[in-house]
Protein chains: 2
Amino acid sequence: MKVDENEVRRRLGHFEAVVRAAGVRLTHQRLEVFREVAGSLDHPDAEAVFRAVRKRLRTVSLDTVYRTLRLLEDLGVLGTLGPRRESMRFDANLASHHHYVCLRCGLVRDFESADMSALPIPAEVREVGEVHGTFVEVRGFCRACEGKRQEESTAKHQKRPKGQERRRTWRRRSGS
Amino acid sequence: MKVDENEVRRRLGHFEAVVRAAGVRLTHQRLEVFREVAGSLDHPDAEAVFRAVRKRLRTVSLDTVYRTLRLLEDLGVLGTLGPRRESMRFDANLASHHHYVCLRCGLVRDFESADMSALPIPAEVREVGEVHGTFVEVRGFCRACEGKRQEESTAKHQKRPKGQERRRTWRRRSGS
DNA sequence: CTGACTGCAAACCCTTTGCAGACCG
DNA sequence: CGGTCTGCAAAGGGTTTGCAGTCAG
């Protein structure tokens, strides 16, 4: 599926402006990666972008696509689908409920809301396919993270502090 | 955070009943893994469960925790947070919008809804932290997948004559 | 020109899987 | 006791990173 041509042009303009303002270089690779995502309706992943971009830039590498997507996300011209999840998380609450998710530490808290559980589904959505359920995710920064967020907010691109993403202790295999 | 003790007991009862009905064995490991998730409010990931369970079963392995969580999910006594995502997906649409997600092929389609964008946030949620945005995900099976789903719907862990364990092998990537 | 960027490959993290011994029922 | 399960190690798939050569500004 393709995005409207005018909208794509608008996005490209914004993209170039942001890139220039951030002082990073505007390379073919970056332009083509952005153009691909900007012109696509179906939320491609890195490999889909890679396959598409490689048709025009035959020497582009998957690594560059990853690096570029990450850069564009940091610059704020691209978003990702859902908050970043390092790993799969489990839930024994089988009743209908919704989630509050902290964008910094990943804390998740359940809540219930009759309003949210009974949302009317737009007709255009029903045309896409059968509806199985509706889930609401409220995102924000939890009490504990609100403060800590400030110091990190200056991070432009390049050196992302990724302070909270502390790689936890891994499993000790041999020995121990 | 801890779940109410009565609720935990109820969940454990349901768990044992389902395990028995499915004809799979009720081992210490499985019991402890389930107890850990059932008693936790914060949606632990496999490693968090592993760390907690290992305090009581010092020899448990991370692999078993993974296997058990997957089993419990298949049995329907546990759920996962959000639909399974094989990889990160990107989006150049920065305007407020919501998503329809196909649970089988991963297709994502944007849509807008004034109702959904203006949902009132329950007071209890505001206490958890600052609210940054509200995102609605409508899940179901898209037109293309509705049919194919039937054939796959055979039970995964039901009691069944030996020799025909079905393994799920779908690892398709979403199509454009 | 010169340092930011790219391509390559190897590392990393989370998760799954093949195998042989352990243990539930 | 026999077939499930577990623990182990190693593979897999997605993503990141160190390095040296390359290209935008």
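By convention in this document, chain letters (A, B, ...) are assigned in the order of the sequence lines, proteins followed by strands, and residues within each chain are numbered from 1.
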Exercise. D/dG7 P sits how many Å from B/Arg54 CZ, rounded?
Worked result: 11 Å

For this session: Answer with yes or no whether the side chains of B/Asp110 and B/His99 bring together a donor and an acceptor at under 3.5 Å.
Result: yes

For this session: Could you state the atom-to-atom distance from CZ of B/Phe50 to C1' of D/dG7 in whole Å?
Result: 11 Å

For this session: Would you mind telling me which residue lines up with the more 5' stretch of DNA chain C, A/Met88 or A/Ser61, judged by nearest nucleotide?
Result: A/Ser61

Exercise. Looking at CG of B/Leu94 and CG of B/Asp91, how far apart are the two atoms once the value is rounded to the nearest 0.5 Å?
Worked result: 7.5 Å

Exercise. CD of B/Glu112: more than 12 outside heavy atoms within 6.0 angstrom?
Worked result: no

Exercise. Separation of A/Leu72 atom CG from C/dC5 atom P, in whole Å?
Worked result: 12 Å

Exercise. Should A/Thr64 be listed as having a side-chain N or O under 4.0 Å from OP1 or OP2 of C/dT6?
Worked result: no

Problem set entry | Heavy-atom pair of closest approach, residues A/His43 and A/Ser40 | N-OG, 4.2 Å

For this session: Check the distance between C/dG25's P and B/Arg30's CZ and give it to me in whole angstrom.
Result: 9 Å

For this session: Could you tell me the separation between the CZ atom of B/Arg20 and the C1' atom of D/dT4, rounded to a whole number of Å?
Result: 16 Å

For this session: Mind calculating the distance between CD (B/Glu73) and P (C/dT15) to the nearest angstrom?
Result: 12 Å

Problem set entry | Shortest non-hydrogen separation from B/Leu103 to B/Phe141 and the atoms involved | CB-CE2, 3.8 Å

For this session: Measure from CD on B/Glu86 to P on D/dG14 and round the result to the nearest Å.
Result: 7 Å

For this session: Scan nucleotides 18-25 of chain D nucleotide by nucleotide, 5' to 3', and note B when protein non-hydrogen atoms come under 4.0 Å of the base, S if they reach only the sugar-phosphate, - if neither.
Result: B-----BS

Problem set entry | Side-chain N or O of A/Ser87 closer than 4.0 Å to phosphate OP1/OP2 of C/dC13 | no

